[in-house]
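Here the structure comes first, spelled out in structure tokens, and everything after it is commentary.
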Amino acid sequence: MLIWSRNSTPRPMQRTGSILTFSLIRFVGSPAAPIWLLNLNPGLQQTDYHHPQHVVEMQRRSIALEAENFWYLDDKFSGTSGYDWWRKKTRRLTEHYDLTTLMRAFFVVELFPYHSARYKPTKSLLPSQEFTRELVRAGCKAEKKFIIMRRERQWLDLVPELITANKTELLNVQGSWITLENMKSPGLLKCWLDDVEDKMD
């Protein structure tokens with residue numbers, strides 16, 4: 001059984017300091033997507049305090065790995081920090097590919113699943129991170145493609161199988177732009193997205 005067929009919905013964790021008492025956001029999109037974006041953790045904006053019900057429902061479906069696509073690119077979720085952030089980071093790609101292609105192509109995995117204004121690593125792995133490790137290992141076995149957006153060393157330490165996986169990294173990790181120009185191997189991303197587009201025709 002593939003690891004992403006498992007339905008796992010952990011409880012929210014109470015954290016102090018920069019990490020607030022929000023439900024975790026480990027994943028966005030469907031693990032069936034061919035390109036996995038390995039990110040650091042969700043940021044924190046004022047709109048995160050008051051999500052409408054349809055956003056909360058999609059977050060719950062994402063935690064359970066039941067989302068059908070990279071839904072934060074959908075205009076139905078405009079006005080949320082996730083929509084604003086991901087539409088901004090992928091804007092250059094929309095000059096070459098339509099949103100349907102991008103929503104089908106990407107799946108986001110967060111290294112640390114809790115909202116924070118500033119990231120601070122924990123001393124040991126959380127149970128949710130252990131699940132994330134097994135999920136990414138399964139993705140490696142399934143020959144998924146990976147873009148390591150931030151904390152490459154931590155991702156490789158967490159999942160050593162990534163060392164030999166089909167992957168690329170960002171040139172500018174601070175900007176976190178998902179563009180051909182910001183890839184260490186821009187030809188890979190173009191090839192991957194062209195393949196997704198071709199399969200949709």
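Nothing fancy with the numbering, it's 1 onward along the sequence.
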Test log, rule side-chain contact (heavy atoms from CB on, under 4.5 Å), inputs Glu130 and Arg133: CA-CA 5 Å; Glu130 293 175 357; Arg133 177 178 57 194; 3.9 Å; yes
Distance, nearest 0.5 Å, that separates CD1 of Ile178 from CZ of Arg92: 13.0 Å
Donor-acceptor under 3.5 Å (Lys89 side chain, Gly175 main chain): yes
Ion pair check, Lys190 and Asp194, cut-off under 4.0 Å: yes
Under 3.5 Å donor-acceptor, Lys141 side chain and Arg137 backbone: no
Any Phe77 side-chain heavy atom under 4.5 Å of Val55 side chain: yes
Passing option when Leu99 is tested against Asp74, Leu73, Leu93 for side-chain contact (heavy atoms from CB on, under 4.5 Å): Leu73
Nearest heavy atoms of Arg60 and Gln53, plus distance in Å: NH1-NE2, 3.8 Å
Steps toward side-chain contact (heavy atoms from CB on, under 4.5 Å) verdict (Phe27, Phe107): CA-CA 7 Å; Phe27 318 115; Phe107 172 59; 3.6 Å; yes
Within 6.0 Å of CD in Glu181, more than 12 heavy atoms from elsewhere: yes
Over all atoms of both residues, closest heavy-atom pair of Arg104 and Ala33: O-CB, 3.5 Å
Asn182 (side chain) donor-acceptor with Trp177 (main chain) under 3.5 angstrom: yes
Salt bridge (charged side-chain N to carboxylate O under 4.0 Å, His left out) assessment of Arg153 paired with Asp157: CA-CA 6 Å; Arg153 185 69 263 163; Asp157 288 343; 3.2 Å; yes
Shortest non-hydrogen separation from Thr100 to Met200 and the atoms involved: CG2-CE, 3.1 Å
Short side-chain to backbone donor-acceptor contact, Asn39 and Glu110, under 3.5 Å: no
Point-to-point distance, once rounded to the nearest 0.5 Å, from CH2 of Trp36 to CG of Leu162: 10.0 Å
Under 3.5 Å: donor-acceptor pair, side chain of Lys145, backbone of Ala165: no
Side-chain donor-acceptor contact under 3.5 Å, Thr101 with Asp98: yes
Within one Ile-Leu-Val-Met-Phe-Trp-Tyr cluster: Val196 and Trp192, side-chain cutoff 4.5 Å: no
Heavy-atom side-chain contact between Phe106 and Pro34 under 4.5 Å: no
For the student: nearest non-hydrogen atoms of Leu156 and Lys167, plus distance: CD2-CE, 4.3 Å
hydrophobic_cluster_shared for Met149 and Leu188, side chain cutoff 4.5 Å: yes
pair Leu135-Leu65: side-chain heavy atoms closer than 4.5 Å: yes
Straight-line distance of Asn166 CG to Thr164 OG1, nearest 0.5 Å: 10.5 Å
Full working for side-chain contact (heavy atoms from CB on, under 4.5 Å) between Ile35 and Leu193: CA-CA 9 Å; Ile35 307 170; Leu193 288 174; 3.9 Å; yes
Atom pair CH2 (Trp86) and OG1 (Thr80), whose distance is rounded to the nearest 0.5 Å: 12.5 Å
Sole residue of Val28, Val159, Val136, Leu37 in side-chain contact (heavy atoms from CB on, under 4.5 Å) with Val109: Val136
Arg61 (side chain) donor-acceptor with Ala67 (main chain) under 3.5 angstrom: no
Salt bridge present between Asp75 and Arg87 (N-O < 4.0 angstrom): yes
Nearest-0.5 Å distance, CH2 of residue Trp71 to OG of residue Ser30: 13.5 Å
Candidate pair Met183 and Ile147, rule side-chain contact (heavy atoms from CB on, under 4.5 Å), full reasoning: CA-CA 8 Å; Met183 297 293 141; Ile147 297 174; 4.0 Å; yes
Rounded distance (nearest 0.5 Å) linking atom CG of Leu111 with atom OG1 of Thr132: 8.0 Å
